[in-house]
> 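Okay, handing you the structure first.
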Protein chains: 2
Amino acid sequence: MSYSIGEAAKMVGLTAHTLRFYDKEGLLPFVKKTSSGLRAFTESDIEWLKIIECLKGTGLPLKQIKQYIDWCMEGDTTIPQRLNMFIEQKKHVEEQKAKWEKHLEKINFKIKYYEDAAQHGNLNVFERNPKLLEEKKRLFKD
Amino acid sequence: MSYSIGEAAKMVGLTAHTLRFYDKEGLLPFVKKTSSGLRAFTESDIEWLKIIECLKGTGLPLKQIKQYIDWCMEGDTTIPQRLNMFIEQKKHVEEQKAKWEKHLEKINFKIKYYEDAAQHGNLNVFERNPKLLEEKKRLFKD
DNA sequence: TTAATCTTTAGAGTTAACTCTAAGTCAAGA
DNA sequence: TCTTGACTTAGAGTTAACTCTAAAGATTAA
């Protein structure tokens, strides 16, 4: 059994347009066509799409995703490159997570700040709560 | 004391080009100019830049960042909108974090998979390690 | 069998966020 | 004072990733 481009698109949360675009960019060399020229997505193709989504969702550009797909098509000799790519991507994700953690601290500070401001209808927050000023200094020092 | 556009750029890890672009887009209405027309960034301006970086770094588009800056310039009446924006952004960051966590699981799986493949020089990983196949099914089921 | 809906292609258009260029102005050191 | 490098503007160009259009062919339900 196989899926049409529209069905496949729905399954992975993309549009058929986007899947055609990916195909044009060489990201879907594994997708076969029916005798009448329609793309037929297999279960395995859907898994490929999920890996592509995973890589794209963690910030890998389509060009590098294509590089990975090319390696996969090339065969067993490219296993080290592929392993390396995922190790690098793991590093990248963990760096991003750390960055987001820092951003989240600033956002939490702003929420506290504006909650106090909203309660009193003005921005004299630090006069009312000097500890928040200390926190601000800590968060924005670097 | 104040900083030139180049100094400010270096301090926040952007280029002078980018800061001029942000200015043109209306993101830096607070930056004053010297009598001869050069931008002079104050310490407070640098803090603004850091907040902009925080919002941009967590995926808020420049247009919405401009909306926030506009609210700040408008005065105390926009405090509720600003509070709401940061609450929404916090939600967004936490959703992203959860998504990245899921992606990271897939990446970790791929690392295990390719480590085994690299060790044996071929991709018969699931024959050697059926438990990994179970893990794959779990990770890619949805 | 026919209408509605889907799919095909090539190729044009869009959006966000830069990134660079040119031609001129300003500032700091020798 | 002169030179070097940083700054100014307006505006053009770039990149990534879609997003859409048009015209034609395929599939499906009535």
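The chains referred to below are lettered A, B, ... by the order of the sequence lines, with proteins before strands, and numbering in each begins at 1.
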> Separation of B:Lys56 atom NZ from C:dA16 atom C1', in whole Å?
12 Å
> Give the rounded distance in Å between these two atoms: OH of A:Tyr3 and P of C:dT7.
15 Å
> So, OP1 or OP2 of C:dA16: does either fall under 4.0 Å of a side-chain N or O from B:Lys63?
yes
> Check whether any side-chain nitrogen or oxygen of A:Arg39 sits under 4.0 Å from OP1 or OP2 of C:dT9, and answer yes or no.
yes
> Contact between B:Leu49 and B:Leu19 at the side-chain level, heavy atoms closer than 4.5 Å - yes or no?
yes
> Find the distance B:Lys32:NZ to D:dC7:P and express it as a whole number of Å.
20 Å
> Between A:Tyr3 and A:Glu43, is there a side-chain donor-acceptor contact under 3.5 Å, judged purely by atom types and distance?
yes
> Is A:Glu7 salt-bridged to A:Lys10, cutoff N-O under 4.0 Å?
no
> It should be established whether B:Lys33 places a side-chain nitrogen or oxygen under 4.0 Å from OP1 or OP2 of nucleotide D:dT9.
yes
> How long is the line joining CD1 of A:Ile65 and P of D:dA16, in whole Å?
13 Å
> Using 30° and 60° as the class limits, which term best fits the ring planes of B:Trp48 and B:Phe30: parallel, tilted or perpendicular?
parallel
> Could you identify which residues of residues 20-30 of chain A place a heavy atom less than 4.0 Å from some atom of DNA chain C, listed by residue number, or say none?
A:Arg20, A:Lys24
> Would you say the side chain of B:Glu135 lies within less than 4.5 Å of the side chain of B:Lys131, judging by non-hydrogen atoms?
no
> Is there a path from A:Ile87 to A:Ile65 through hydrophobic residues (I, L, V, M, F, W, Y) whose side chains come within less than 4.5 Å of each other?
yes
> Answer with base, sugar-phosphate or nothing: what part of the nucleic acid does A:Thr15 contact at a heavy-atom distance below 4.0 Å?
nothing
> In whole angstrom, give the distance that lies between atom CG of B:Leu62 and atom C1' of C:dT15.
12 Å
> Which heavy atom of B:Ile107 sits nearest a heavy atom of A:Cys54, and at what distance?
CG1-SG, 3.9 Å
> Measure from NZ or CZ of B:Lys112 to the centre of the six-membered ring of B:Phe109, then state whether that distance is under 6.0 Å and the direction lies within 45° of the axis.
no
> Output the rounded distance in Å from CZ (B:Phe41) to C1' (D:dC7).
12 Å
> Summarise how protein sits on nucleotides 21-30 of chain D as a single string, 5' to 3': B when a protein heavy atom is under 4.0 Å from the base, S for sugar-phosphate-only contact, - for no contact.
B----SS---
> Ignoring hydrogens, what is the shortest heavy-atom contact between B:Cys72 and A:Tyr114? Give both atom names and the distance.
SG-OH, 3.9 Å
> Rounded to the nearest Å, what distance is computed from the CD1 atom of residue A:Ile52 to the P atom of nucleotide D:dA17?
13 Å
> Using whole Å, what does the distance between atom C1' of nucleotide C:dC18 and atom CD1 of B:Ile5 come to?
14 Å
> Would one find a side-chain N or O of A:Ser4 under 4.0 angstrom from OP1 or OP2 of C:dT7?
yes
